[in-house]
Amino acid sequence: MTAPAAVATPLRVATWNINSVRLRAPLLRQVMDELNPDVLCLQETKTPDEHFPHEAAEALGFTHRIITGMKGYNGVAVLSRLPLTRMPDWQDWCGKGDCRHLGVSVDLPGGPMEVHNFYVPAGGDVPDRGANPKFAHKLDFLAEVTAWTAARGPARRSVLVGDLNIAPMEHDVWSHKQMLGVVSHTPVEVEAMGRWIAAGGWYDALRHFVPADQKLYTWWSYRAKDWRAADRGRRLDHVWVSQDLAGGLRRHAVLKDARDWPQTSDHVPVLMEIVV
DNA sequence: ATGGTCGTACAACGA
């Protein structure tokens, strides 16, 4: 007689571009109340490691934390209820030392699972490599990450989340036609993202739940008078899973109401529940 | 067609 299979408990992974972790640490309580993630990946923490609000994270049950931050810009963090190990093959993308990626291993009963937390360069305003060094940096970053991904081979027991600053599909933006020349939705960026996702054999977990013909956004500009009425959003934040985890996808949530919180980020938290 | 708002850190830059 065989032993009964272990009961699979879904893991809850969330991602949020928090746009300053020091300013918005109090909002993490609301993220926990609404989404209750086991692993929370943050981008744009904008904080040197010595000033990270560890106490606030600890108080929410995130006893394991791996962070990489710098003064004023960028910065990513992985907060977890489960033990984490930083992955050894850290890359300094484009040689800039700008704290845009953490790869961690999460200690789970069924074996370790990789979590990659990315903050891809926004790319500035002009979608021209020659005229705009920030756009060149974005494309170079994507090319480097894609080459690294291809060299590692297809992802297994892995999740990739973050602010990837690209809205690849027609209904990831409010107007495909009007956005074709706007950085985040240009064909050259969308193609670069396509090469990245193919290189890792990644699976777009949010679009597993929301059909391609339905609008799906995770970001709304601060500049709109009434962001909800205008609803000119973009899907800049992503959750990708390795093919072997696609069958374990159980539920997603895009916490749109967070966009109305007092002094909130222009991105909203996104949750994925996965049996691993 | 343009300007619109944030955060960091104190002028200007990045988004």
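All values derive from a computational prediction rather than experimental measurement. Per chain, numbering begins at 1; letters A, B, ... match sequence-line order.
Using atom P as the reference point in both B:dT2 and B:dC6, the two lie 23 Å apart (nearest Å). For the P atoms, the distance from B:dG3 to B:dG7 is 22 Å, rounded to whole Å. Nucleotides B:dA9 and B:dT5, compared at atom P, are 22 Å apart to the nearest Å. Remark: the separation of the C1' atoms in B:dG4 and B:dA15 is 14 Å, to the nearest Å.
A:Asp231 is linked by a side-chain hydrogen bond (donor to acceptor under 3.5 Å, both in side chains) to A:Trp220, counting only residues two or more places apart in sequence or in another chain. Judged as a side-chain hydrogen bond (donor to acceptor under 3.5 Å, both in side chains), and not counting sequence neighbours, the contacts of A:His185 are A:His176. For the side-chain hydrogen bond (donor to acceptor under 3.5 Å, both in side chains) test, residues two or more places apart in sequence or in another chain that qualify with A:Tyr203 are A:His208. Among residues two or more places apart in sequence or in another chain, the ring pair (Phe, Tyr, Trp, His ring centres under 6.0 Å) test is passed with A:His171 by none. Residues that satisfy the side-chain hydrogen bond (donor to acceptor under 3.5 Å, both in side chains) test with A:His51, not counting sequence neighbours, are absent from this structure.
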Side chains of residues 192-201 of chain A: which donor-acceptor pairs under 3.5 Å do they make with residues two or more places apart or in other chains?
unit_1, atom_1, unit_2, atom_2, d
A:Trp196, NE1, A:Thr149, OG1, 3.4

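The other residues sharing a hydrophobic cluster with A:Leu79 are A:Trp16, A:Ile18, A:Val21, A:Leu27, A:Leu28, A:Val31, A:Met32, A:Leu35, A:Leu40, A:Leu42, A:Phe52, A:Leu60, A:Phe62, A:Ile67, A:Leu255, A:Trp261, A:Leu271, where clustering joins ILVMFWY side chains under 4.5 Å apart.
Separating the CH2 atom of A:Trp219 from the C1' atom of B:dT5 is a distance of 11 Å, rounded to the nearest angstrom.
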Output one letter per nucleotide in nucleotides 8-15 of chain B: B when a protein non-hydrogen atom lies under 4.0 Å from the base, S when only the sugar-phosphate is that close, - when neither is. SS----SB
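Taking every heavy atom of residues 24-32 of chain A and every atom of DNA chain B, pairs under 4.0 Å involve A:Arg24, by number.
Side-chain contact, A:Asp260 with A:Trp227: a donor N or O sits under 3.5 Å from an acceptor N or O.
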